[in-house]
Amino acid sequence: MKVGVLALQGDVREHLSALQDCGVEALSVRRASEIEQVDALVIPGGESTTIAHLAQTFDVFDLITSRIKSGLPVYGSCAGMILLADRVLDATADQRTFGGMDITVRRNAFGRQVDSFEIDIAMAGITSHAMRAVFIRAPWVEQIGPDVEVLAAVTREGVSHPVAVRQGRLLATSFHPELTQDNRIHQYFVQEVCKGV
Ligand code: GLN
């Protein structure tokens, strides 16, 4: 199985090495011909507006959107989660997403004072041991459709906010597992979300 990491902007290298550690062929992809060849895709953390603009510049925006629609397994971390969301709150006026996940996300949801933080979180159905999760100007999920499964959540002021969600072949986390040495999310993506590919 060939897993592409969308290499327009963001922490591409870290995802490539996490995927290689999981034993799959991982390659950075940017051009249409490269994106057409992969069996699965990872959209890294970075800046969702920049990644979306560059996808239009490289003329791959519609290709990615349509591959997602036809069932390509995709994992998005942080900015990648925003790009997979059908709806975005606190978006810039012209912000576009690839979409595919029936979720509403709020950008930079944890507020300015706490730009970044790390906590241990439980990941339902993925692992019995808590994971160290790194959040950097992270979004959270405010609303989910009926087909979306919540895998992890963070509570703020008494309200639980999903930070890891799955809908069929699409997986998204608000945090950055690629920045830790813990590959359980990538492994889950490769083994479970991509099963049968
Ligand atoms: N705040 C960024 C955005 O809106 C995401 C941050 C990240 O990927 N670490 O795209």
Side-chain angles (χ1 to χ4, degrees), residues 3-19 26 28-30 40-58 60-61 64-65 68 74-121 123 131-144 151-154 156 161-167 170-186 188-189 193:
V3 183
V5 178
L6 188 61
L8 296 168
Q9 188 254 352
D11 59 347
V12 174
R13 215 164 13 122
E14 290 81 354
H15 277 291
L16 287 172
S17 88
L19 289 164
S28 62
V29 294
R30 183 178 298 140
L41 185 69
V42 170
I43 306 175
E47 192 58 42
S48 54
T49 50
T50 306
I51 296 174
H53 277 133
L54 290 171
Q56 289 167 81
T57 306
F58 277 80
V60 292
F61 192 96
I64 295 169
T65 302
I68 292 171
V74 183
Y75 166 45
S77 68
C78 203
M81 169 190 262
I82 297 168
L83 286 158
L84 284 175
D86 281 344
R87 296 165 298 277
V88 183
L89 301 172
D90 293 337
T92 59
D94 59 346
Q95 185 158 4
R96 292 178 69 199
T97 66
F98 304 127
M101 277 191 125
D102 187 5
I103 58 174
T104 305
V105 300
R106 185 176 293 281
R107 290 181 71 206
N108 305 318
F110 290 92
R112 290 227 173 95
Q113 299 92 325
V114 276
D115 256 3
S116 69
F117 61 97
E118 292 185 30
I119 47 164
D120 289 327
I121 55 169
M123 298 288 310
M131 280 192 63
R132 194 74 182 156
V134 179
F135 293 81
I136 304 167
R137 289 180 296 108
W140 66 37
V141 179
E142 290 216 351
Q143 184 262 329
I144 60 168
L151 302 170
V154 168
R156 280 288 179 275
H161 301 283
V163 293
V165 286
R166 177 179 175 182
Q167 180 179 345
L170 304 178
L171 173 70
T173 62
S174 303
F175 52 91
H176 294 268
E178 73 279 12
L179 298 182
T180 66
Q181 295 306 309
D182 187 337
N183 293 330
R184 280 178 283 176
I185 299 278
H186 291 84
Y188 174 78
F189 177 62
V193 179

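In this text the structure is predicted, and so the values were computed from the model without any measurement. One-based numbering, in listed order, for ligands and for the atoms of each.
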Out of S48, G45, G46, A91, indicate the one that has the non-hydrogen atom closest to atom 5 (C) of ligand 1.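 Residue with the shortest heavy-atom distance to the ligand atom: G46.
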Could you list which atoms of ligand 1 come closer than 4.0 Å to a heavy atom of [X]?
X	result
N108	1 (N)
I82	3 (C), 4 (O), 10 (O)
C78	5 (C), 6 (C), 7 (C), 8 (O), 9 (N)

I'd like to know if the side chain of [X] reaches the main chain of [Y], judged simply by a donor and an acceptor atom lying under 3.5 Å from each other, with no hydrogens or angles considered.
X	Y	value
E178	A18	no
D90	R106	no
D86	G100	yes
T97	A85	yes

Which residue and heavy atom of the protein sit nearest atom 4 (O) of ligand 1, plus the separation: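 Closest protein heavy atom to atom 4 (O) of ligand 1: R107 NE, 2.7 Å.
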Kindly assign one of parallel, tilted or perpendicular to the pair Y75 and H15, based on the angle between their ring planes and the thresholds 30° and 60°.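 Answer is perpendicular, since the angle exceeds 60°.
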Mind checking whether I51 contacts ligand 1 via backbone (N, CA, C, O), side chain (CB onward), both or neither, at a 4.0 Å heavy-atom cut-off?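 Neither; no heavy atom under 4.0 Å.
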For ligand 1, which part of E47 has a heavy atom less than 4.0 Å away: the side chain, the backbone, both, or neither?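 Answer for E47: both.
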Any nitrogen or oxygen of [X] lying under 3.5 Å from a nitrogen or oxygen in ligand 1? Just yes or no.
X	answer
S77	no
I136	yes
T49	no

Would you please say whether a donor-acceptor pair under 3.5 Å links the side chains of H161 and S174?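 No, S174 and H161 have no side-chain donor paired with an acceptor closer than 3.5 Å.
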Name the residue from I43, I51, V29 that meets the side chain to side chain contact (heavy atoms under 4.5 Å, CB included) definition with L8.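 It is I51; the other options fail the test.
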